[in-house]
Amino acid sequence: MPELPEVETYVRDLEPELSGRSVIGASVQWDRTIAAPSVGEFLARIAGQRFVDFDRRGKYMLLGMERDGNRGDTLIIHLRMTGEVHIYPLDEAIKMKDKHTHVVLILDDGRHMHYRDQRKFGRLWLVDDPAQVLARLGPEPLGEGFTVDGFAHSLAKRTAAIKGLLLNQSIVAGVGNIYADEALFLASIHPLRSGSSLKPAELDRLIESIRVVLMRGIEMKGSSLQNYIRLDGMKGNFQEEHKVFRRTGQPCITCGTLVERIVVTQRSTHFCPTCQVMK
DNA sequence: ACCGGAGCCTGTTAGC
DNA sequence: TGCTAACAGGCTCCGG
């Protein structure tokens, strides 16, 4: 489940592999993977562009390119649920290409970059201005723009459960199901509390908790449950530090109460009913 | 504006 | 054992 730490790990791993490399050709096996432009235009435009900038916004990877020394397009990749990116030497690429490999970029050093996605939810964009794709995203949780005042404003009058609101990318960008559950546990906030019910001290605690779990997630190179693997095929390690996520029926590490699982806004949600009270 | 639910996908697991 | 149904959770779209 790639969320902010997993995507950040991908961007950091991609930079040394791709920086300065040009795309000399491409193929698309599942058209819907390309969100924009059309597949034909994507193939025509990406050839001849060179990777120069590497960034992330929320769960989007931003791979900035240039053409003939001039500013080019940005290749945006969103992994959604099961997306993976791999770079292989030619002989290995031929062996590794399978029915889940939906996009192949051929690099000028002969290696192939694969976009692979079991469930086909992930998307790629090739755009001259990333802003159009990223327009609805809220602040970066690890940046200065994520403030108590702004967070309070976003949650005011919100009757929905805080768990669901944390998954809303226009409120804060990059938090997904794993890190939402872990942050709420760390902040001792019940996932069903309404957004508007949270007091300033709780918002403060929640912001800090979101930052702590995301930073630790990045340090551990992400959480590998069933699907997420890194560029080089290695797993992340943060799953070993999960306090509540997928720990249903196991004792809370703080108080020993058994961790419960409920469904909130169509998402499985894990929490300690003793440490995270409704108040 | 906000909220909840359907739909997109496929592999794995639970249950009959 | 073999089948089907439920589940996994990223996001967009739609109706109320």
Side-chain angles (χ1 to χ4, degrees), chain A residues 1-11 28-36 56-62 76-85 98-103 115-125 130 132-138 141 150-184 191-198 213-214 217 222-229 235-236 238-239 242 244-249 260-271:
Chain A
M1 293 70 308
E3 306 179 25
L4 187 153
E6 291 75 23
V7 177
E8 178 68 24
T9 300
Y10 253 113
V11 172
V28 173
Q29 343 294 326
W30 178 259
D31 286 1
R32 296 181 65 181
T33 300
I34 308 299
R56 176 196 57 71
R57 180 80 172 89
K59 301 173 194 169
Y60 294 80
M61 284 184 236
L62 307 177
I76 303 179
I77 303 175
H78 196 308
L79 302 170
R80 294 275 184 99
M81 297 292 302
T82 54
E84 302 169 9
V85 177
D98 66 5
K99 64 175 178 175
H100 300 304
T101 305
H102 307 311
V103 180
Y115 177 74
R116 184 174 185 276
D117 192 344
Q118 195 175 89
R119 292 175 68 182
K120 299 178 174 173
F121 286 174
R123 294 290 180 264
L124 273 62
W125 294 256
Q132 58 197 77
V133 178
L134 310 174
R136 294 150 126 185
L137 290 182
F151 199 33
H153 184 75
S154 297
L155 298 181
K157 298 177 189 167
R158 294 289 202 133
T159 58
I162 185 62
K163 165 62 189 281
L165 295 168
L166 288 179
L167 301 180
N168 181 336
Q169 301 297 296
S170 66
I171 292 176
V172 57
V175 177
N177 211 34
I178 296 171
Y179 295 90
D181 281 4
E182 293 297 316
L184 286 168
L192 288 176
R193 291 279 300 281
S194 73
S196 59
S197 75
L198 296 178
V213 298
L214 291 176
S223 302
S224 289
L225 294 169
Q226 53 265 65
N227 287 297
Y228 167 72
I229 56 169
K235 293 182 173 185
F238 189 59
Q239 68 282 357
H242 290 174
V244 285
F245 193 78
R246 299 256 185 102
R247 290 194 66 249
T248 310
E260 288 186 10
R261 175 187 177 276
I262 57 176
V263 175
V264 182
T265 51
Q266 300 175 293
R267 295 288 175 269
S268 92
T269 297
H270 314 75
F271 71 106

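Within every chain, numbering begins at 1; the chains are lettered A, B, ... in the order of the sequence lines, protein sequences first and strands thereafter.
The CG atom of D98(A) sits 10 Å away from the P atom of dG11(B) (whole-angstrom rounding). Distance N177(A) CG to dC7(C) P: 14 Å, rounded to the nearest Å. At whole-Å resolution of the value, CG in L79(A) and C1' in dC9(B) are 16 Å apart. Separating the CG atom of L4(A) from the P atom of dG9(C) is a distance of 18 Å, rounded to the nearest angstrom. Going from atom CG of L166(A) over to atom P of dG10(C) covers 12 Å, rounded to whole Å. One atom, CD1 of I178(A), and another, P of dA8(C), lie 12 Å apart when rounded to the nearest Å. Counting to the nearest Å, the C1' atom of dG9(C) and the CE atom of M81(A) are 3 Å from each other. Rounded to a whole Å, the CZ atom of F245(A) is 4 Å from the P atom of dG9(C).
Contact check, R261(A) against dA8(C): a side-chain N or O comes under 4.0 Å of OP1 or OP2. Side-chain nitrogen and oxygen atoms of H78(A) include at least one within less than 4.0 Å of the OP1 or OP2 phosphate oxygen of dC11(C). Contact annotation: T265(A) side-chain N/O to dG5(B) OP1/OP2 distance is not under 4.0 Å. At the phosphate of dC9(B), neither OP1 nor OP2 sits under 4.0 Å from any side-chain N or O atom of H100(A). Applying the 4.0 Å criterion to OP1 and OP2 of dC2(B), one finds that R158(A) has a side-chain N or O inside that range. Between R246(A) and dG9(C), a side-chain N or O to OP1/OP2 separation shorter than 4.0 Å is present. Within the structure, a side-chain polar atom (N or O) of K120(A) is placed less than 4.0 Å from OP1 or OP2 of dT10(B). Note on K99(A): a side-chain N or O is less than 4.0 Å away from OP1 or OP2 of dG11(B).
Only the P atoms considered, dG7(B) is 16 Å distant from dA5(C), to the nearest whole Å. The gap from the P atom of dC9(B) to that of dC14(C) amounts to 15 Å, rounded to the nearest Å. Here the separation of dA6(B) from dA6(C), taken at their P atoms, is 12 Å to the nearest Å. Distance noted for atom P between dA14(B) and dG9(C): 14 Å (whole Å).
Note that the CG atom of L165(A) and the CZ atom of R193(A) stand 12.5 Å from one another [nearest 0.5 Å]. Going from atom OG1 of T101(A) over to atom CD of Q29(A) covers 7.5 Å, rounded to the nearest 0.5 Å. Rounding to the nearest 0.5 angstrom, the gap separating the CG atom in L137(A) from the CG atom in N168(A) is 10.0 Å. A distance of 10.5 Å separates OH of Y228(A) from CD of E84(A), quoted to the nearest 0.5 Å.
We find that the ring of F121(A) and the base of dC11(C) do not stack by the test of centres under 5.5 angstrom and planes tilted less than 30°.
In the set dG10(C), dG5(B), dC7(C), dG5(B) carries the atom at the smallest distance from any side-chain atom of Q266(A). Set against dC3(B), dC13(C), dC11(C), the side chain of R267(A) has dC11(C) as its closest nucleotide. Side-chain atoms of A160(A) lie closest to dC3(B) of the nucleotides dC3(B), dC11(C), dG9(C). In this structure, the nucleotide among dG9(C), dC7(C), dT10(B) sitting nearest to the side chain of S268(A) is dG9(C).
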Bracket string, DNA chain B, 5' to 3' - pairs by Watson-Crick or G-U geometry under 3.5 Å, | interstrand | .|||||||.|||||||

Give every pair of a protein N or O atom and an N or O atom of nucleotides 14-16 of chain C that lie under 3.5 Å apart, one pair per line with the distance.
none

For nucleotides 12-15 of chain B, tabulate all protein N/O to nucleotide N/O atom pairs closer than 3.5 Å, reporting atom names and distance.
none

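Residue contacts shown for T82(A) are absent, as no nucleic acid heavy atom lies under 4.0 Å away.
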Passes side-chain contact (heavy atoms from CB on, under 4.5 Å), V11(A) versus L62(A)? Steps please.
-> CA-CA 8 Å; V11(A) 172; L62(A) 307 177; over 6 Å; no

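Between the side chain of R123(A) and the base of dG10(C) there is no donor-acceptor pair of N/O atoms closer than 3.5 Å.
Ring pair H78(A)/Y60(A) is perpendicular by interplanar angle, where above 60° counts as perpendicular and below 30° as parallel.
Of the possible polar contacts, none joining the S154(A) side chain to the I171(A) backbone as a donor-acceptor pair under 3.5 Å is found. Counting only distance, with no hydrogens or angles, the side chain of E182(A) and the backbone of H242(A) share no donor-acceptor pair below 3.5 Å. With D181(A) contributing its side chain and F245(A) its backbone, the two residues share no donor-acceptor pair below 3.5 Å.
Side-chain contact of H102(A) with D117(A): a donor-acceptor pair under 3.5 Å is absent, judged by distance alone. The closest side-chain donor-acceptor pair between Y179(A) and E6(A) falls under 3.5 angstrom.
For the pair H270(A) and R247(A), the tightest heavy-atom approach, listed with the atom from each and the gap, is CD2-N, 4.3 Å.
Using a 4.5 Å cut-off on side-chain heavy atoms (C-beta onward), L124(A) and V28(A) make no contact.
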